[in-house]
Amino acid sequence: MKNATQHTGPDELLATLDARILDAVEATLSNDEGSTDAEMAQHLMELGLSEAQSKRAICYRALYTLYLWVGEFTPIRSGIGLRYNGTTGQFEVA
């Protein structure tokens, strides 16, 4: 899985992580633009992910940094994204 842009539905490898760990993973993917993929993978393993899980999470990096995700509507948790439309002031399915 080179990237996760074609992925739909909950990620079988990541969606079952403990909610606190998954929150930390998604926060890292959304906010860490400075680390290399290797550095991020190491950080994710320090959070408790396996090597396979950390590599899979890295596949979602671009999606998390490019888009705003709301609640459970994330690429890992549901595969469904909500995008904010500034014109209408509403969230819509991405």
Side-chain angles (χ1 to χ4, degrees):
M1 177 183 240
K2 180 72 175 158
N3 64 53
T5 57
Q6 301 300 316
H7 177 76
T8 58
D11 186 290
E12 295 174 2
L13 188 60
L14 300 173
T16 58
L17 290 170
D18 178 82
R20 289 178 298 200
I21 293 174
L22 188 49
D23 288 343
V25 168
E26 291 182 320
T28 299
L29 292 170
S30 295
N31 299 307
D32 185 348
E33 296 180 20
S35 297
T36 65
D37 286 351
E39 291 168 337
M40 183 177 283
Q42 181 62 40
H43 173 72
L44 295 174
M45 287 188 284
E46 291 169 1
L47 290 175
L49 276 66
S50 68
E51 183 176 354
Q53 288 171 322
S54 67
K55 286 180 179 180
R56 176 74 64 85
I58 297 298
C59 293
Y60 290 99
R61 189 172 190 176
L63 289 173
Y64 277 86
T65 56
L66 292 175
Y67 300 103
L68 172 66
W69 302 98
V70 181
E72 298 294 314
F73 296 100
T74 70
I76 292 174
R77 294 174 196 247
S78 71
I80 300 170
L82 294 179
R83 172 182 58 219
Y84 181 74
N85 182 328
T87 303
T88 64
Q90 301 291 317
F91 284 96
E92 48 192 42
V93 176

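No hydrogens, no waters, no symmetry mates; every other heavy atom, side chains included, goes into these values.
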So do M40 and L29 actually touch side chain to side chain, heavy atoms under 4.5 Å? yes
Inter-residue atom distance T74.OG1 - L63.CG, 0.5 Å rounding: 10.5 Å
L17 and I76, any side-chain heavy atoms less than 4.5 Å apart: no
Flag the pair D32 / R61 as yes when at least one side-chain heavy-atom distance between them is below 4.5 Å, and no otherwise. yes
CD-CG distance between Q42 and D37, expressed to the nearest 0.5 angstrom: 13.5 Å
Taking the side chain as C-beta and beyond, is there a heavy-atom pair between E26 and Y64 under 4.5 Å? yes
Look at atom CD of E51 and say whether more than 12 heavy atoms of other residues, nucleotides or ligands are closer to it than 6.0 Å. no
If you measure only the distance, is there a donor-acceptor pair under 3.5 Å linking the side chains of D11 and Y60? yes
Set of side chain to side chain contact (heavy atoms under 4.5 Å, CB included) partners for E72, sequence neighbours left out: R77
side-chain contact (heavy atoms from CB on, under 4.5 Å) between L14 and L49, worked out: CA-CA 9 Å; L14 300 173; L49 276 66; 4.3 Å; yes
Non-neighbouring partners of T87 that pass side chain to side chain contact (heavy atoms under 4.5 Å, CB included), sequence neighbours left out: N85
For S54 and A41, which heavy atoms make the closest approach, and how far apart are they? CB-O, 3.7 Å
Interatomic distance, CD1@I21 vs CG@L47, rounded to 0.5 Å, equals 7.5 Å
With rounding to the nearest 0.5 Å, note down the distance linking CD1 in I58 to CG in L44. 5.0 Å
